[in-house]
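Read the numbers this way: they start at 1 and go in the same order the structure lists the ligands and their atoms.
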Amino acid sequence: MVPRGITIQELAPKFNRNSADLVRLLFDAGEMVTGTQSLADEMIELIAETLGGEVLLVEPGQEQELELQTLLGDEEEDEDEGLLVSRAPVVTVMGHVDHGKTTLLDRIREANVVAGEAGGITQHIGAYQAERNGKPITFIDTPGHEAFTAMRARGAQATDIAILVVAADDGMMPQTVEALNHARAADVPIIVAITKVDREDANTDRVRQQLVERELVPEAWGGDTMVLEVSAPEGRGIDELLEAILLVAEVEELATNPDAPARAFVLESKLDAGRGPVVTALVERGTLRVGESVVAGGGWGRVRALFNDRGESVKEAGPSTPVEVLGLDDVPLAGDELRVAPDDKVARTVAEARARRRRAANLSHPMSLAGGTRLEDIFAMVQRGEVATLNLVLKADVQGSLEAVTDALRKLDQEHEEVRLSFVHRAVGGITESDADLAAVANATIVGFNVRPDRKARERAHAEKVELRLYEVIYKVLEDVNSALLGMLQPEFEEVVTGDAEVREVFGVPRIGKVAGCLVLNGVITRGSKVRFLREGVVIWNGAITSLRRFKDDAREVQAGFECGIGLSDFQDLKPGDIIETYDLKEIPRT
Ligand code: GDP
């Protein structure tokens with residue numbers, strides 16, 4: 001096993017030679033190379049051929065990883081066919097923004113999830129299992145191909161079947177094509193769902209025509225692509241879609257050994273204040289059980305508890321089931337593998353070796369602090385023919401979105417020669433004062449995805465003139481960077497925070513639902529104002545204040561230092577310690 005980019009000095013001992021021998025050998029073949037220079041793949045192969053050895057080229061770092069994997073037990077030995085049992089297909093829904101992915105996923109979930117005992121309350125854990133004719137289907141419920149790509153980038157083949165959503169009124173759009181390309185690159189069977197067929201301007205034949213242009217010929221037209229028409233409001237076509245999925249799954253003969261030591265991959269992970277690292281994983285093979293020693297990325301631990309997609313505590317999770325796993329000591333990355341280890345010691349050794357390597361890898365890419373440019377200033381620099389470097393501090397709500405935003409930005413970076421994106425820092429969590437400090441020294445722009453700065457971070461960013469941009473959809477992040485390149489950045493609306501209140505107690509009020517008993521910490525809270533609901537600096541809900549009370553009376557506004565009751569219409573997930581932040585929008589004039 002030889003890592004790519006090895007030097008002659010490092011390679012020579014592997015062949016029991018000294019460096020000079022290899023330098024001479026390459027010289028004879030017409031290559032002038034010094035002992036400390038990295039070798040191209042062909043040169044390594046040439047050396048191996050000449051000296052009569054075989055080399056397996058691996059990515060740097062992968063060598064150690066493969067060694068670690070053998071510690072966990074070699075699992076890729078061919079499985080005895082007799083042990084295999086069929087498993088549920090894992091499905092990802094992809095397509096253009098606003099074409100109805102979320103609606104479709106919600107519809108399937110409402111109508112087909114096995115009713116939970118606790119009143120069927122469904123949890124968002126990144127995936128859920130639905131059922132049709134008694135057969136389970138697992139849906140990855142973070143729609144969009146960004147998440148899909150992030151998984152694949154980490155080597156996880158997370159999906160068995162891709163549903164390509166195309167809205168009947170809009171047809172194929174750029175992101176539809178992109179999603180299609182991703183599914184094709186992953187060699188995943190594709191089923192097309194034409195959505196919004198109930199709309200007056202629906203034109204399904206035009207969509208079929210566009211599909212044909214992309215070599216997806218519908219079965220009805222003599223091809224082999226399943227194309228289904230669905231309407232979310234009418235509930236039409238959903239059963240047929242589920243049946244189509246089961247049909248494809250049957251052809252694929254998906255099977256695995258449920259009795260093997262479990263292997264799962266991480267869909268999402270977050271640090272929960274009360275519960276520690278919480279990992280949503282999808283079991284690929286085997287059965288994961290409470291009490292087992294596991295490792296995932298640089299984290300390890302004993303499985304303390306497992307929760308299914310209905311939030312119920314379970315003792316074990318079999319193939320193709322999504323579960324929340326508690327008990328790890330660190331937050332792994334989306335797409336990381338979660339594996340059962342023979343014992344705690346092995347789990348710990350593997351996790352620590354990985355954590356060390358990940359730290360080393362981060363340190364070996366020294367961040368370039370010079371020449372950072374504000375998003376707003378990029379256009380001017382590009383006009384002058386300079387290469388603009390955009391330094392970014394990126395914060396996101398969960399690991400999955402952090403990876404997805406990073407990947408999307410990296411792609412943009414590759415598409416535009418005139419800008420260089422450089423990530424100074426990427427992490428999960430709210431934007432803090434230290435992020436603002438870092439951005440100030442690194443001349444970086446802070447990009448927040450579904451997270452908010454706390455008051456101190458906001459003040460520091462303002463004082464240091466750090467550009468702070470907050471987003472809730474990936475599409476918008478990309479749009480802004482793109483617009484900046486064209487010098488067409490839209491006026492920014494600054495959100496002027498008008499007040500914040502801390503939840504102290506939660507009451508249930510008949511007919512109204514939950515009401516938060518709060519203390520107003522800053523500013524003034526006004527009925528009807530826009531709010532963000534924050535937990536640990538992460539936005540978990542957006543909306544408006546629907547009811548505001550002082551003691552028993554309705555109030556129009558409540559000042560800092562006073563207590564009040566706040567109701568947030570349909571949002572019920574209130575907990576003491578959460579922060580309710582109210583804000584106004586104010587346009588910032590461009591200079
Ligand atoms: P996503 O961005 O692809 O997840 O799209 P959404 O699921 O958020 O849907 C975008 C909009 O289209 C929403 O306003 C939905 O209510 C609407 N929509 C989704 N599916 C249908 C459908 O089958 N028929 C109609 N008429 N509207 C739909």
Intermediate values then yes/no, ring-ring contact (aromatic ring centres under 6.0 Å, His included), Phe449 and Tyr471: CA-CA 5 Å; Phe449 189 75; Tyr471 298 92; 7.9 Å; no
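- The proximity of Asp198 to ligand 1, defined as any non-hydrogen pair under 4.0 Å, is limited to the side chain.
- Among the atoms of Gly100, some N or O lies under 3.5 angstrom from an N or O of ligand 1.
- Contact analysis leaves Glu234 out of contact with ligand 1, as no non-hydrogen atom separation drops below 4.0 angstrom.
- Of the listed residues (Val97, Asp169, Thr103, Leu104), the one carrying the non-hydrogen atom nearest atom 6 (P) of ligand 1 is Thr103.
- The number of heavy atoms from other shown groups lying within 6.0 Å of CD (Glu219) is above 12.
- Looking at Val323 and Phe307, their side chains never come closer than 4.5 Å, going by heavy atoms from C-beta outward.
- Other residues, nucleotides and ligands place more than 12 heavy atoms under 6.0 Å from the CG atom of Asp554.
- In Glu253, the CD atom is not crowded: 12 or fewer heavy atoms of neighbouring residues, nucleotides or ligands sit closer than 6.0 Å.
- Atoms of ligand 1 lying under 4.0 Å from any heavy atom of Arg199, numbered from 1 in the order shown and given with element: 26 (N).
- Counting atoms of ligand 1 from 1 in the listed order, those under 4.0 Å from a heavy atom of His96 are 3 (O).
- Nearest to atom 22 (C) of ligand 1 by heavy atom, out of Pro233, Ala202, Ala167, is Pro233.
- Looking at ligand 1, you won't find any N or O of Thr195 less than 3.5 Å from one of its N or O atoms.
- Under a 4.0 Å N-O distance rule, the pair Arg208/Glu229 qualifies as a salt bridge.
- The neighbour count for Arg214 CZ, taken as heavy atoms of other residues, nucleotides or ligands under 6.0 Å away, does not exceed 12.
- For a threshold of 3.5 Å applied to N or O pairs, the pair formed by Ser231 and ligand 1 contains no separation below that value.
- Looking at ligand 1, you'll find an N or O of Lys196 within less than 3.5 Å of one of its N or O atoms.
- Residue-ligand proximity: Gly95 is placed with every non-hydrogen atom at 4.0 Å or more from ligand 1.
- Taking any N or O of Ala232, backbone or side chain, at least one lies under 3.5 Å from an N or O belonging to ligand 1.
- Under the 30°/60° scheme for interplanar angles, the aromatic rings of Phe571 and Trp541 are found to lie parallel.
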